[in-house]
Each structure stands twice: as C-alpha cells, then as structure tokens.
Asks: 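This is the structure I want to talk about, given as structure tokens.
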Amino acid sequence: MTVKTMQTADVKDLLEKVAGFNQDGGDERVKKIVHRFMHDVFQLIEDFDVTPEEFWQAVYYVGDLGKNGEAALLAPGLGMDKYLDIRMDAEDEQAGLAGGTPRTIEGPLYVAGAPMSEGFARMDDGSDENAETMILTGQVTDENGNPLVNAVVDVWHANTMGNYSYFDQSQSEYNLRRRIRTDENGRYTAQSIIPAGYGCPPEGSTQALLNLLGRHGNRPAHIHFFISKSGFKHLTTQINLAGDEYTYDDFAFATREELVVEANRIDDPAQAEGYGLNKPFTKVEFNIQLVSTDKPELQNRHERKRALEGEAA
C-alpha cells in the first residue's frame with residue numbers, strides 16, 4: 001500500500017529548503033520553479049509508489065541522456081517542442097499577430113553560417129550521384145501577398161541516408177545547407193536532392209524510452225526553414241513531403257496540414273532546361289507568408305544552443 005507523506009511537515013519543510021526559500025540571494029523565479037518541479041517529482045513518487053530501484057534507474061537514464069547528447073532529441077519526441085509551438089501560437093493570437101505560414105519545431109540539427117546566395121543556390125555537393133535532383137522554390141510575401149525582396153531563407157535538410165552535414169563528418173562542409181536572399185520578385189530557388197527521413201539511434205536513450213511507450217522514433221522526409229526580414233516576425237518552420245510513410249506519424253509531432261507539400265516529378269525537358277538540368281527532376285514549391293511586426297524581439301529567432309551560432313558570420 002502506498003504511504004502518504006506529501007502533506008507532512010517534514011516533506012513541506014524539505015521542499016522549502018531544497019528550493020532555497022530559507023536562504024537569501026539566488027533567483028526568486030528559479031526558486032519557485034524548482035520548488036514546483038520537485039514537489040511534482042515527489043508527488044509522482046508517492047502516487048505511483050516508485051521504488052528506489054526505479055528511481056535510480058531514472059537518474060542513470062538522465063545521465064546517459066547527457067552523455068550521448070540526446071536531450072535535444074528526446075525533447076521533441078516527448079512533445080515539448082510542439083507544446084512550446086502551441087503556446088507561441090496562442091500568444092500570437094492574443095497579440096493580433098496570428099496568420100502567415102505556420103511555425104513548427106526547429107529540431108536540434110541547425111548549423112549557423114551557411115553560405116549566402118542571391119536568389120538561387122546549389123545546396124548539394126554533387127557527391128550523391130544516385131540521388132533524385134530536387135528543385136525547391138517559392139515566393140516570400142507579406143500578409144497581403146506583396147513580394148518581400150531580400151528576405152533571407154535559411155534552409156537545411158538531410159541527405160538520402162537521413163544524415164545532416166556537420167553532425168555527419170563524412171559530408172562536406174555545409175552540404176545541404178544554404179541561405180538564400182530573395183530576388184526582386186520575392187522568390188528563392190535551390191537545387192538540391194530529395195532528402196530521406198530518419199530514425200532515432202536504435203540503441204540510444206530516446207529510442208529506449210520510446211520502446212517502453214510502444215512508440216516508433218521515425219521522422220518523415222522534411223526540409224527545415226528559418227525565414228527572416230526586418231520588420232517581420234521571424235519564422236521557424238519545416239515542410240514534410242507528401243507520401244512519406246511517416247508524413248502524418250512524425251515522432252516529433254512537427255506535421256501540420258498546411259506544411260505538407262507535394263513533391264512533383266517533372267519529365268518535361270523544357271522545364272528541366274529552364275533550371276539548367278538535362279534530366280527529369282522533382283519540383284517542390286513552398287510559398288511563405290510573413291507577418292509584420294515592429295517588435296524587435298519577434299524579428300529574431302529565440303536563443304538556444306546551436307552549432308556554430310555566434311562563431312559564423
């Protein structure tokens with residue numbers, strides 16, 4: 001039978017001391033958050049009659065999660081990134097800043113400082129000769145459909161093995177990563193390759209927990225974007241390619257209906273020639289609408305640890 005201790009003076013006193021309520025100094029907000037967090041942990045232990053063996057298993061799991069660097073992978077897998085998006089959508093609605101292309105999660109694999117191009121960029125290094133050529137193109141506009149010149153479209157995606165350059169040392173520097181400044185018509189175009197989805201490391205900490213939840217750890221083929229322009233709300237988003245097995249079953253909960261985009265096979269030689277190609281290709285069109293704001297804090301991406309952030313121009 002589960003013993004009840006949460007309402008005892010000993011536990012209440014312990015929680016106050018753990019959170020530093022009996023000490024001067026420190027950060028009052030952090031104290032309150034730690035008090036709430038530890039209260040909820042203690043309550044969980046009581047409610048589920050967690051044994052010492054189970055408790056220490058959880059402690060070691062957190063340690064392993066840090067060792068193998070999967071904390072930023074587990075967070076979206078447990079819906080945390082999605083929940084933050086839900087909150088930011090609600091804040092935008094309340095502030096009258098809703099609309100435009102929907103946001104969705106960033107993911108943990110961005111690398112700052114990708115090469116900048118004007119209007120068009122070749123994203124792949126040409127080393128994967130068997131990959132399907134992709135033309136990714138679209139127009140960036142404001143809420144009224146007016147083209148936005150010199151908006152920066154920062155785009156990145158995986159290769160045909162589901163791996164990302166920088167984190168996959170076998171790929172060339174900034175492979176499948178580019179920043180493209182929109183042209184006089186607000187358009188951007190990239191030549192790249194069709195990416196593959198990926199799965200969590202099968203022997204990793206994230207998949208170990210997902211196995212206990214009866215869940216898979218797979219993501220569909222997708223393409224990430226940061227879109228920015230002065231005077232407009234920064235947009236973090238990604239598109240899922242229609243037809244993938246996991247398009248509507250993404251373990252990271254990033255799929256939004258408006259962000260599922262068709263990948264259309266083009267066999268017309270004239271269209272291929274228009275993009276400087278001499279073979280069939282797949283065209284992906286993603287148009288982006290930004291929302292105007294005069295708030296500087298909304299015009300930049302939020303702070304978090306990102307590879308090379310602060311080091312690259």
Side-chain angles (χ1 to χ4, degrees), residues 27 29-30 71-73 75-76 80-119 121 123 136 138-157 164-167 174 176-183 186-188 190 222-239 252-254 256 258-259 286-313:
D27 186 294
R29 178 173 168 80
V30 172
L73 182 63
M80 296 180 188
D81 291 29
K82 176 64 174 179
Y83 178 66
L84 291 175
D85 279 353
I86 290 171
R87 282 187 55 81
M88 288 188 287
D89 284 350
E91 289 171 356
D92 285 349
E93 188 75 38
Q94 193 175 70
L97 292 171
T101 299
R103 64 162 53 87
T104 193
I105 71 172
E106 174 182 334
L109 299 170
Y110 177 73
V111 178
M116 180 76 80
S117 299
E118 303 296 325
M123 292 182 64
L136 172 67
Q139 185 180 44
V140 181
T141 65
D142 64 14
E143 305 101 310
N144 300 312
N146 300 308
L148 294 180
V149 182
N150 291 329
V152 175
V153 179
D154 197 339
V155 56
W156 69 102
H157 64 78
Y164 288 76
S165 62
Y166 180 86
F167 303 96
Y174 288 112
L176 308 175
R177 302 177 184 275
R178 288 296 184 275
R179 290 178 292 167
I180 307 170
R181 208 184 307 273
T182 56
D183 65 16
R187 296 199 64 85
Y188 71 95
H222 60 280
I223 302 169
H224 294 269
F225 294 84
F226 284 152
I227 303 99
S228 59
K229 181 173 174 60
S230 179
F232 291 84
K233 190 173 63 173
H234 179 274
L235 176 64
T236 298
T237 196
Q238 62 182 270
I239 56 173
F253 307 104
R256 300 184 72 153
E258 309 95 314
L259 299 174
F286 179 47
N287 297 315
I288 300 154
Q289 188 178 72
L290 298 184
V291 175
S292 58
T293 180
D294 58 0
K295 297 181 178 179
E297 67 273 17
L298 297 180
Q299 297 179 28
N300 299 297
R301 56 183 177 252
H302 66 265
E303 291 188 14
R304 61 179 279 186
K305 287 187 177 181
R306 299 181 177 94
L308 303 184
E309 188 108 281
E311 301 176 36

Asks: Is the closest side-chain heavy-atom distance between Tyr166 and Leu308 below 4.5 Å?
Replies: yes
Asks: Can a donor-acceptor pair be found, under 3.5 Å and without considering hydrogens, that links the side chain of Lys229 to the backbone of Val149?
Replies: yes
Asks: Is any side-chain heavy atom of Arg301 closer than 4.5 Å to a side-chain heavy atom of Tyr110?
Replies: yes
Asks: Evaluate the salt bridge (Lys or Arg N to Asp or Glu O under 4.0 Å) criterion for residues Asp89 and Arg256: first the C-alpha distance (whole Å), next the side-chain angles of each, then the deciding distance (0.1 Å), finally the verdict.
Replies: CA-CA 13 Å; Asp89 284 350; Arg256 300 184 72 153; 3.0 Å; yes
Asks: I want to know whether Tyr164 and Trp156 have ring centres closer than 6.0 Å.
Replies: no
Asks: Measure the CG-CD distance between Leu84 and Glu91 for me, rounded to the nearest 0.5 Å.
Replies: 9.5 Å
Asks: Report the C-alpha distance between Arg306 and Glu106 in whole Å, list the side-chain angles of each, state the deciding distance to 0.1 Å, and finish with yes or no for salt bridge (Lys or Arg N to Asp or Glu O under 4.0 Å).
Replies: CA-CA 11 Å; Arg306 299 181 177 94; Glu106 174 182 334; 2.8 Å; yes
Asks: Just verifying a value: how many Å separate Gln299 CD and Asp294 CG, rounded to the nearest 0.5 Å?
Replies: 8.0 Å
Asks: With side-chain contact (heavy atoms from CB on, under 4.5 Å) as the test, would you mind laying out the steps for Val140 and Phe232 before giving the verdict?
Replies: CA-CA 12 Å; Val140 181; Phe232 291 84; over 6 Å; no
Asks: Please evaluate residues Asn300 and His234 with respect to the criterion side-chain contact (heavy atoms from CB on, under 4.5 Å), reporting the C-alpha separation (whole Å), side-chain torsions for both, the decisive distance (0.1 Å), and the verdict.
Replies: CA-CA 5 Å; Asn300 299 297; His234 179 274; 5.6 Å; no
Asks: Check whether any side-chain N or O of Thr237 sits under 3.5 Å from a backbone N or O of Phe225 as a donor-acceptor pair, and report yes or no.
Replies: no
Asks: State the OG1-CG distance between Thr236 and Asp81, to the nearest 0.5 angstrom.
Replies: 11.0 Å
Asks: Grab the two heavy atoms, one from Met116 and one from Ile180, that are nearest each other, plus how far apart they are.
Replies: SD-N, 4.4 Å
